[in-house]
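Scroll down for the structure; my scribbles are underneath it.
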Amino acid sequence: DAATQACVAAIHQILLEARAGTALLRGRPVQPGDIAVLVRSHREATLVQRALAAVGIPAVAAGKQSLFATSEARDLRALLLALLQPADEGRLRTALATVLLGQRASAIASMEREGDLQRGFQAQLLHWRERWQRGGPFAVVADVCAAQGERLLALIDGERRLTNYLQLGELLQEASAQALGMHGLLDWLQGQMANADQDDEQQLLRLESDARRVQIITLHKSKGLEYPLVFLPFVGIDGGAPNTATHCTVHLQGERQLHWKLDRDDAWDTASSQREREQRAEDARLLYVGLTRAEHALWIATGDLAGHAKTRLAPLLGDLQALRTHADVDLDDSAPLGRLPQLLAETEGELPAVRALTRRVPHDWWVYSFTQLAHADAGNGDDIEAAATELPAPAADEPAGAELPLEPALPDAAAEDTAPPDPRFMGSRFGNVLHDALENVDFALWSHWQPQQPAPEGQADVLRRSLHDEGYADEDLDDGVAVLVPLVGHTLTVPLPEGGALCSVPEHERRAEIEFHFAVEPTAVPVLLQLLHEHGISSARRGFGLRRRLEGLMTGKIDLTYVRDGRWYVLDYKSNRLPGYSPDLLEIAMRHSEYDLQALIYTVALHRWLRFRLGAAYDYARDMGGIRYLFCRGLDIAGNGVHVQRFAPELVDALDALFAGGEAAQAEMAARARGETA
């Protein structure tokens, strides 16, 4: 206690002098973050931290530590266990007793007598459980921290604890995307705690204000570090407790040996003596570490302390009177003040005035995709605000199941499929499988595939994995592969209008599933529809839900983008089952499902991207090859199943200008892309 108080008094005096402008470091006043207190154990660190906090000096128990090795990780584990079983009284009591929830022992004990109190706590758990399921783990952690923040921040290390809880909540939220529900997340957290790694940067604690606090760190963890001012309050103390251990580990003859105290014999005495020598050698090494951490000044507590004569420090400070004459040594033997005045917290300057809100808050801002726009039929009362802002599944724009009518409605003369389709391999679910398969197969391996042949070597496994990942049962996988092989084979080998087939496109000249986001400035729906109708796009549409204006981001994924002979192409796979696949019938299908609008949006996205990446070297009329929609169920060498289209440059330019906010804004954007000043 005396060493602790002397250490705190010295730090307090230095900071007082720093505020008075007399304690300077490199020309500036000494800050708490310039000071380090080196200790031997976490118990000693807690003593110093509490003593510093009592006089208003901010301090942190620093050092490398894994976030998953903290008590906060154990608190969140207890909370998660309680959320999994809200009716389990033992888990409930354990969670309530954590620092996070901070219920008093008397309140927990009174649950035995007051049923309403227990039911209230269990109702809170049920609320958090529902919140977790809807918003994820971080939503619950943030709610709890907000409710308990005032109490937590009143603790000595409250800011550190609160930061740890929130950082753990972020990591749990990230892991929840991979873990299977709450049980899976508990397994993940327990695995991280069991394998906590202080050298993993992702697991390290973070708190910017730690750098502005007195650093309290163990001698072991201070190796290799330096601090401007270092305090060693306890190196002159030896507790002198008798050795009551029943076993010890020593190093003898080049190996580690474990000795048990079965009886007081010569072997045990020899091992104990060896352990004592090794411990004293370790004490000497740690003392050397502590003495060499300071850059400018070192403070040591010595004197009539417990076991001082047995410490490795004692021989170094044997003659204090001789040390008084040394120019670099200052002996402070004045009695410390009994009660130090509180060090007032320093402010970092006046808070700036709250800025006035001058920008318009766009209430119509949204994230749009073709699927959302296509489903927002005019006049049905639906609003696309109800649609999710996430990217839809690859085949979300295709029929949802086998019970849907064939698309599109065609004249009676159109021939329909004679073979009844397998309902297992229809609709948007199977469409997702086909898209995934075409994203992952090796195009070049299919170059010699012929109808009626099996998949090339190794490719059937790719198809089977696509089916499995979409949730198909194991007994359906072989049948699914049999359906997929001709679809993939024809898609990759059918001749394209520009020459060649997809299987001949080198890997470096194609990209699958390019995700795009481009800005849509406020665009009046009537003006947009007028432009589309003038060019025969979405002619039957009269609106997009209840929206009168579109503003925000347009997003989507292009199935395949490729280059052939220097020209760029947008390609989309379709698994729709149609009554026919001739070019004129595909024209009807494109208009019926508004795929022409989808193709136009994709074209504008690629147009903007190429203009940004290529700058002045890009010209739409010269470099854009057009769009290719492959209706995979009807592809053949006669050209059926392939829809070919290339939008007029004036249409793409006009829509690009409309989404950019006008021709002036479009010109400015294009000039920036070319590296010019608009």
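Note that the structure is predicted; figures quoted are calculated from it, not measured.
Residues G169 and V141 come closest through the heavy atom pair CA-CG2, 4.1 Å. Across every non-hydrogen atom of L219 and V289, the tightest pair is O-CG1, 3.7 Å. A pairwise comparison of heavy atoms in A51 and T4 identifies CB-CG2, 3.8 Å as the closest pair. Scanning both residues, K223 and H220, for their nearest heavy atoms gives CG-O, 3.4 Å. The two residues T94 and A78 have their closest heavy-atom pair at CG2-CB, 4.0 Å. The two residues A54 and Q342 make their nearest non-hydrogen contact at O-OE1, 2.9 Å.
Looking only at distances, a side-chain donor or acceptor of T523 sits under 3.5 Å from a matching main-chain atom of E521. Although no hydrogens or angles enter the test, the distance criterion places a donor-acceptor pair under 3.5 Å between the side chain of Q215 and the main chain of R213. The backbone N or O of A97 sits nowhere less than 3.5 Å from a side-chain atom of Q103 that would complete a donor-acceptor pair. With hydrogens and angles ignored, the 3.5 Å screen pairs a side-chain donor or acceptor of R280 with a backbone N or O of K310. Between the side chain of H296 and the main chain of L229, no donor-acceptor pair closer than 3.5 Å is present. Without hydrogens or angle criteria, R161 side chain to L152 main chain gives no donor-acceptor distance under 3.5 Å. Between the S41 side chain and the E44 main chain, a donor and an acceptor come within less than 3.5 Å of each other. Side-chain atoms of R608 come within 3.5 Å of backbone N or O of A519 as a donor-acceptor pair. In this structure a side-chain-to-backbone donor-acceptor pair under 3.5 Å is present from R151 to L100. For R77 (side chain) and Q190 (main-chain N/O), no donor-acceptor pair under 3.5 Å exists by modelled atom type.
Side-chain contact between M111 and L92 is present, with at least one heavy-atom pair separated by less than 4.5 Å. Side-chain contact between I237 and H308: absent, with no pair of heavy atoms (C-beta onward) separated by less than 4.5 Å. The shortest side-chain heavy-atom distance between F231 and I14 falls under the 4.5 Å cut-off. Looking only at side-chain heavy atoms (C-beta outward), Y227 and I217 come within less than 4.5 Å of each other. Contact annotation: the side chain of Q372 approaches that of W366 to within less than 4.5 Å [non-hydrogen atoms, C-beta and beyond]. You'll find the side chain of V30 stays beyond 4.5 Å of the side chain of L24, heavy atoms only. Side-chain atoms of R324 and D333, non-hydrogen and from C-beta on, do get closer than 4.5 Å to each other.
Between the side chains of Q5 and D1, not a single donor N or O lies within less than 3.5 Å of an accepting N or O. The closest side-chain donor-acceptor pair between Q122 and R119, if any, does not fall under 3.5 angstrom. Side-chain contact annotation: Q13 with E17, donor-acceptor N/O pair under 3.5 Å present. Using modelled atom types and a 3.5 Å distance limit, the side chains of R547 and Y368 yield a donor-acceptor pair. At a cut-off of 3.5 Å, with distance as the only test, no side-chain donor of T218 or H42 sits close to an acceptor on the other residue.
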Handout entry: Steps toward side-chain contact (heavy atoms from CB on, under 4.5 Å) verdict (V37, V230)
Key = CA-CA 6 Å; V37 181; V230 172; over 6 Å; no
Practice task
List the steps, then state whether side-chain contact (heavy atoms from CB on, under 4.5 Å) holds for L79 with D75.
Solution key: CA-CA 6 Å; L79 177 59; D75 286 357; over 6 Å; no
Exercise for the section: List the steps and the verdict of side-chain contact (heavy atoms from CB on, under 4.5 Å) for L67 and L171. Expected result: CA-CA 10 Å; L67 188 64; L171 296 175; 3.7 Å; yes
Practice task
Quick one: do V99 and L155 satisfy side-chain contact (heavy atoms from CB on, under 4.5 Å)? Show the steps, please.
Solution key: CA-CA 10 Å; V99 175; L155 302 176; 3.9 Å; yes
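Listed by first and then second residue, the side chain to side chain donor-acceptor pair (under 3.5 Å) pairs that reach into residues 125-138 are R131-D143, sequence neighbours excluded.
Not counting sequence neighbours, the partners of R28 by the side chain to side chain contact (heavy atoms under 4.5 Å, CB included) test are L25, R26, Q31, D34.
The structure places CD of E114 at 9.5 Å from CZ of F121, a figure rounded to the nearest 0.5 Å. Note: H326 NE2 to L331 CG = 12.0 Å, rounded to the nearest 0.5 Å. Between the SG atom in C7 and the CD1 atom in I300 there is a gap of 12.0 Å [rounded to 0.5 Å]. To the nearest 0.5 Å, atom CG of residue L225 and atom CZ of residue R293 are 7.5 Å apart. Taken to the nearest 0.5 Å, the CG atom of L291 stands 4.0 Å off from the CG atom of L287. Note: L185 CG to S176 OG = 6.0 Å, rounded to the nearest 0.5 Å.
A distance below 6.0 Å separates the ring centres of F68 and W188.
For F612, the CZ atom counts as loosely surrounded, since its 6.0 Å shell holds 12 or fewer non-hydrogen atoms of other residues, nucleotides or ligands.
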